[in-house]
Amino acid sequence: MDKPGFRDDSIDRFCRQYLQLERDLDYPSPALLREAEVQDALYNTIFADGALAYPPPQRYQLRVLKQLMSRIEASIEDWDRHGVSDELMDVLSNLLALPLPSEITAAQQKSYVTYALSLLDTSNHVTAIPPHLTLLESRNLISASGTTGLRTWEAALHLGQFLCAEPSLIREKHVLELGAGTGYLSILCAKFLAPTVVIASDGSDDVVANLPDNFFLNGLQNSNRIQAMDIKWGHALLGTEDEHWNGGKPIDVVLGADVTYDKSIIPALVGTLQEIVDMFPQATILIAATERNRETFDVFLDVCEKRHFIVQEIGFELPSAHDQRGPFYSDQVPIRICKLLKS
């Protein structure tokens, strides 16, 4: 993939979308797909045995590879000059021979999802896999227990990009994430943004129990920079027998992404934010909210006002889908990043 004049951003974009298990991928153009070097690059980067430490599910591999092979065959105008990669054909044959789970079964299984962090890619040349993190997620949206914390949502991806663009917000800070879910933001901070420590908290016991698995996938299993904690919004952080919360360690930054999706839980969330600010008045609070429903966001603003929080929206443009280089997320719904200040 390093031939002069050969390198094309669309190849790396496709690889990054594949690793993130995107449903609709942007395949390279026919003029590229028919070239042997491009087929070899795709094989070596994402399809070869052992190329990926944490590959996508086999059903997903098969679906993408069938589409890719169909596009390669359609791209060839002169079969004397171009052909289809034997290596890619072998991978497809092997996948077709496997006893794959049904769609229903596959939807209930966890999958490895790898997110490219394009704003951290400081190299002078494009790469298929820039700085990234990998998570084990349930991609069927919401678990049977009702928690939404087993997949990564758009607001976390957008707030993560903001933090990558403004790393000084996290560097050498004590960070608390509320509603951490898969741990995307906490892991991003701990792995790449040099905090003093990050607490990845959630109110779901299942979610908190799963966080160490994702720490491990990103080489953080023995790190003193990250820890998981159970924090249930609306419940007192400081127990009656405790003199200090969390051993008296400070909190400098509070993060929350897609934590305002249900208006019934917003009072409890803001109540917890109030308690944190009472203990740590200098803490910076950053909340990212996907505005799926304006009424829900208005409830958040109303509760914040009643609790004497000033909500300042931070201007950080939502990138168009065409311009995204990873992570990839919808550009069709507004995502607001807000800073909360005490009035």
Side-chain angles (χ1 to χ4, degrees), residues 147-149 153-156 158-160 162-163 166 169-170 173-181 183-186 188-189 195-204 207-208 211 226-240 242 244-314 316 335-343:
T147 180
T148 58
W153 297 86
E154 295 95 332
H158 190 56
L159 181 54
F162 173 71
L163 296 176
E166 302 286 348
L169 291 171
I170 300 300
K173 300 293 199 305
H174 295 76
V175 180
L176 169 65
E177 182 183 6
L178 297 176
Y184 177 90
L185 281 174
S186 293
L188 187 159
C189 290
T196 299
V197 68
V198 182
I199 299 171
S201 78
D202 205 279
S204 163
V207 169
V208 173
L211 281 168
I226 192 166
Q227 65 183 85
M229 182 181 290
D230 189 329
I231 293 181
K232 291 179 170 57
W233 304 341
H235 294 233
L237 292 175
L238 195 61
T240 54
D242 299 325
H244 301 289
W245 178 74
N246 193 34
K249 298 169 187 172
I251 293 296
D252 304 308
V253 179
V254 180
L255 303 175
D258 261 324
V259 290
T260 60
Y261 59 90
D262 180 351
K263 59 185 178 183
S264 70
I265 64 173
I266 288 174
L269 166 65
V270 179
T272 294
L273 292 173
Q274 175 74 64
E275 188 176 359
I276 292 169
V277 170
D278 288 344
M279 288 190 287
F280 310 106
Q282 304 305 315
T284 298
I285 301 174
L286 297 173
I287 303 293
T290 303
E291 194 181 305
R292 300 182 185 89
N293 183 315
R294 180 69 205 190
E295 181 186 355
T296 303
F297 188 71
D298 285 341
V299 170
F300 172 66
L301 295 177
D302 183 55
V303 174
C304 284
E305 183 179 0
K306 290 177 179 176
R307 288 277 189 166
H308 306 291
F309 280 107
I310 298 170
V311 180
Q312 293 182 346
E313 187 167 346
I314 296 173
F316 186 67
I335 303 177
R336 304 182 185 279
I337 297 178
C338 301
K339 183 177 182 179
L340 271 60
L341 304 168
K342 285 299 289 183
S343 59

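- Arg292 is linked by a salt bridge (Lys or Arg N to Asp or Glu O under 4.0 Å) to Glu154, Asp258, counting only residues two or more places apart in sequence or in another chain.
- Counting heavy atoms from C-beta on, the side chains of Thr296 and Ile266 come closer than 4.5 Å.
- Scored by the side-chain contact (heavy atoms from CB on, under 4.5 Å) test, Ala289 finds Thr260, Phe297 as partners (sequence neighbours excluded).
- Of all the heavy atoms in Leu159 and Ala257, the pair that sits closest is CD2-CB, 4.4 Å.
- Closest approach of Val311 to Cys304, counting heavy atoms only: CG2-CB, 3.8 Å.
- Relative ring orientation between Phe162 and Phe316 is described as perpendicular, the plane-to-plane angle rising above 60° on a 0-90° scale split at 30° and 60°.
- For Phe280, there are no ring pair (Phe, Tyr, Trp, His ring centres under 6.0 Å) partners two or more places apart in sequence or in a different chain.
- In terms of the salt bridge (Lys or Arg N to Asp or Glu O under 4.0 Å) criterion, residue partners of Lys263 (sequence neighbours excluded) are, by chain and number, Glu295.
- The distance from the CD1 atom of Ile226 to the CG atom of Leu211 is 7.5 Å, given to the nearest 0.5 Å.
- Other residues, nucleotides and ligands contribute only 12 or fewer heavy atoms inside 6.0 Å of the CD atom of Gln282.
- The two residues Pro250 and His174 come nearest to each other via the heavy atoms O-CB, 3.2 Å.
- Among residues two or more places apart in sequence or in another chain, the side-chain contact (heavy atoms from CB on, under 4.5 Å) test is passed with Val259 by Trp233, Leu269, Ile287.
- A donor-acceptor pair under 3.5 Å is formed between the side chain of Asp202 and the backbone N or O of Ala180.
- With sequence neighbours excluded, the residues that form a side-chain contact (heavy atoms from CB on, under 4.5 Å) with His308 are Lys342, Ser343.
- Judged as a side-chain hydrogen bond (donor to acceptor under 3.5 Å, both in side chains), and not counting sequence neighbours, Asn293 has no contacts.
- Here the CG atom belonging to Leu169 is positioned 9.0 Å from the CG atom belonging to Leu255, to the nearest 0.5 angstrom.
- In this structure Phe309 satisfies the ring pair (Phe, Tyr, Trp, His ring centres under 6.0 Å) test with no other residue, sequence neighbours excluded.
- Heavy atoms only, all atoms of each residue included: Lys339 and Ile314 are closest at CB-CD1, 4.1 Å.
- Here the shortest heavy-atom pairing between Lys232 and Thr272 reads O-OG1, 4.4 Å.
- One finds the CE atom of Met279 at 4.5 Å from the CG atom of Leu237 (value rounded to the nearest 0.5 Å).
- Atom NZ of Lys173 sits about 7.5 Å away from atom OG1 of Thr284, to the nearest 0.5 Å.
- Taking the side chain as every heavy atom from C-beta outward, Asp252 and Thr196 never approach each other to under 4.5 Å.
- Between Ala156 and Leu185 the shortest heavy-atom distance is O-CD2, 3.5 Å.
- Inter-residue side-chain proximity for Leu340 and Val254 is flagged as unmet; no heavy-atom pair is nearer than 4.5 Å.
- Not counting sequence neighbours, the partners of Leu176 by the side-chain contact (heavy atoms from CB on, under 4.5 Å) test are Leu178, Ile199, Ser201, Ile231, Trp245, Ile251, Ile276.
- Between atom CD1 of residue Ile310 and atom CG of residue Leu301 there is a gap of 13.0 Å, rounded to the nearest 0.5 Å.
- Each side-chain hydrogen bond (donor to acceptor under 3.5 Å, both in side chains) pair with one or both residues in residues 297-306, not counting sequence neighbours, appears once here: Arg294-Asp298, Asp302-Lys306.
- When the side-chain hydrogen bond (donor to acceptor under 3.5 Å, both in side chains) test is applied to Ser264, the partners found at least two apart in sequence or on another chain are Asp262.
- At a threshold of 4.5 Å between non-hydrogen side-chain atoms, the residues Val253 and Cys189 do not count as touching.
- Not a single salt bridge (Lys or Arg N to Asp or Glu O under 4.0 Å) links Glu275 to another residue, sequence neighbours left out.
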